[in-house]
K.L.:
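Supplied in structure tokens, the structure appears directly below.
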Number of protein chains: 2
Amino acid sequence: MARTREFDDNAVLDAATDRFWRQGYAATSVRDLGEAMGLVPASLYNAFGSKHALFALCLDRYLDRNMRERIERLEAKQPPRVAIETFLNEIVARSLADPRGCLLVNSALEVAPHDAEIGAVIAARLAELEAFFHRCVIAGQRDGSITAAPSARDLARLLLTTVMGLRVLSRARPEPALLRGAARQALTLLDPPACTN
Amino acid sequence: MARTREFDDNAVLDAATDRFWRQGYAATSVRDLGEAMGLVPASLYNAFGSKHALFALCLDRYLDRNMRERIERLEAKQPPRVAIETFLNEIVARSLADPRGCLLVNSALEVAPHDAEIGAVIAARLAELEAFFHRCVIAGQRDGSITAAPSARDLARLLLTTVMGLRVLSRARPEPALLRGAARQALTLLDPPACTN
DNA sequence: CTCATTCTAGAGCGATCGTTTTAGAACATC
DNA sequence: GATGTTCTAAAACGATCGCTCTAGAATGAG
């Protein structure tokens, strides 16, 4: 019926995501995106509608491939306490290795407060992450690997907070001792009480 | 020797800080700043040199009047454990009441990664906050109000991380139960062990 | 092949960016 | 009160912003 598209959607969306990730939403221009994607602005608009729509698409793809993938992988194959430990350790390792930080956290501060649509997506994904921690804590309390004393809800809330905090700290102070120390201390929260006195 | 300035430095810097705080560095234009400050762009440049220099000035002022003031006030008049509790509770209350969030955290993600000069300022201030927590933990361990079991360094690192995390979460999910729950759980970290079994 | 449709390329839209220039008003010094 | 410096006001600098338009090339359906 017409001419076929010359580019691969997956490849160009990866390129666009990298730009938003690296530079933020506002600081990434359409020409910048087009150059990285190998597209002229007109093709970009023809294919994705607007800069805003393209960003929403990139953010969704990013979250599916990073956060959601990690949750499903860990929850399927690890006991609950280990799943939490591995999650935090992976966040620390990622934060130290990748100077772009986390697109979700970056966007929570830059975009969410001024964009209700993106803000709702981000809030929902953060709630998903909190729910993952909550399920792990409940299961860990049941199998005895996690202390039963504190509220599972609050424990999950603090774990979520810790992940956010690690992501922020790593942008200004990407120091292994700092991030690893904080994560280590967060994990001791989970320890069942051992009567030492 | 010459004509005297018509505006009050404190007032215009307050206005500029509010704009940067509310909208971020990149999203705040010089015309925007000038309008808020009651200055024409030429006066702004004459007085402060550049948008970047103005931002650096605003950030410094902000940190002195918020973070540093809070640390000094709490450390002078509160026992160490109470100082930490009050600090976290004030952060939660502020986060819930002020939709602008924290200029330090906002800038740590938006500006620090792409601006070595501002990045160094932010890293130094975060280290100051960590040091405050560390001093409180040491003193609290000495007076018995804080558990002696974990490393004081790691405890301080996690408290710093928690503050950062609360500030991020509040921008996308300004829910009292979420922030208060996370802060409450962070504070239980400090409890000396009570043998319950 | 013809034709309608959708693609790409690149110039160009008005608006706004950070910054500077130009012109003139206000003040401290001599 | 003249002088010289520093202020304010407003226009304007080139560059870039998100986005669209105009051409023309490429394709599938009939």
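Just so it is clear, the model here is predicted, and its values are computed rather than measured. Numbered from 1 within each chain, the chains take letters A, B, ... in sequence-line order.
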K.L.:
For L44(B) and dA10(D), what is the distance between atoms CG and C1' respectively, to the nearest whole Å?
P.N.:
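About 15 Å, once rounded to whole Å.
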
K.L.:
Measure the distance from CG on L54(A) to P on dC17(D) and round it to the nearest whole Å.
P.N.:
15 Å

K.L.:
Grab the NZ-P distance between K51(A) and dA15(C) for me, whole Å please.
P.N.:
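Rounded to whole Å, this separation is 19 Å.
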
K.L.:
Taking CG from D9(A) and C1' from dC7(C), how many angstroms apart are they, rounded to a whole number?
P.N.:
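To the nearest whole Å, that distance equals 13 Å.
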
K.L.:
For dG12(C), does the base pair up with any side-chain atom of R31(A) as donor and acceptor (N or O, under 3.5 Å, distance only)?
P.N.:
yes

K.L.:
Supply the atom-to-atom distance Q78(B) CD to T86(B) OG1, rounded to the nearest 0.5 angstrom.
P.N.:
4.5 Å

K.L.:
For L39(B) and dT8(D), give me the distance from atom CG to atom P, rounded to whole Å.
P.N.:
7 Å

K.L.:
For the backbone of R167(B) and the side chain of S170(B), can you confirm whether one donor and one acceptor N or O come within less than 3.5 Å of each other?
P.N.:
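Checking the backbone N and O of R167(B) against the side chain of S170(B), a donor-acceptor pair under 3.5 Å is found.
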
K.L.:
Any side-chain N or O of S29(A) under 4.0 Å from OP1/OP2 of dC17(D)?
P.N.:
yes

K.L.:
Among dT8(D), dT19(C), dC19(D), which nucleotide sits nearest the side chain of N46(B)?
P.N.:
dT8(D)

K.L.:
With a 4.0 Å cutoff (strictly under), does any side-chain N or O of S43(B) reach OP1 or OP2 of dT8(D)?
P.N.:
yes

K.L.:
Which nucleotide sits closest to the side chain of V40(B): dA10(D), dC7(C), dC19(D)?
P.N.:
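The listed nucleotide nearest to V40(B)'s side chain is dA10(D).
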
K.L.:
Kindly point out which of dA9(D), dC19(D), dT8(C) is positioned nearest to the side chain of P41(A)?
P.N.:
dC19(D)

K.L.:
What's the closest nucleotide to the side chain of F7(B) if the choices are dC19(D), dA9(C), dT8(D)?
P.N.:
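Nucleotide nearest to F7(B)'s side chain: dT8(D).
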
K.L.:
Separation of F48(B) atom CZ from dC7(D) atom C1', in whole Å?
P.N.:
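About 14 Å, once rounded to whole Å.
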
K.L.:
Starting at atom OH of Y45(A), determine the distance to atom C1' of dC17(D), rounded to an integer number of angstrom.
P.N.:
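Answer to the nearest Å: 9 Å.
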
K.L.:
Salt bridge check, R73(B) against E69(B): does any charged N sit closer than 4.0 Å to a carboxylate O?
P.N.:
yes

K.L.:
Taking the cut-offs as 6.0 angstrom to the six-membered ring centre and 45 degrees off its axis, would you call K51(B) and Y45(B) a cation-pi pair?
P.N.:
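No cation-pi geometry.
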
K.L.:
Of the nucleotides dG28(D), dG18(C), dG10(C), which has the atom closest to the A42(A) side chain?
P.N.:
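In terms of side-chain proximity for A42(A), the closest of dG28(D), dG18(C), dG10(C) is dG10(C).
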
K.L.:
Using the side-chain heavy atoms of V30(B), tell me which of these nucleotides is nearest: dG18(D), dT8(C), dG18(C).
P.N.:
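Closest nucleotide among those given: dG18(C).
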
K.L.:
Mind telling me whether F55(A) and F20(A) have parallel, tilted or perpendicular rings, with 30° and 60° as the class edges?
P.N.:
perpendicular

K.L.:
Tell me the interatomic distance from D32(B), atom CG, to dG18(C), atom C1', rounded to whole angstroms.
P.N.:
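Checked: the CG to C1' distance equals 13 Å.
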
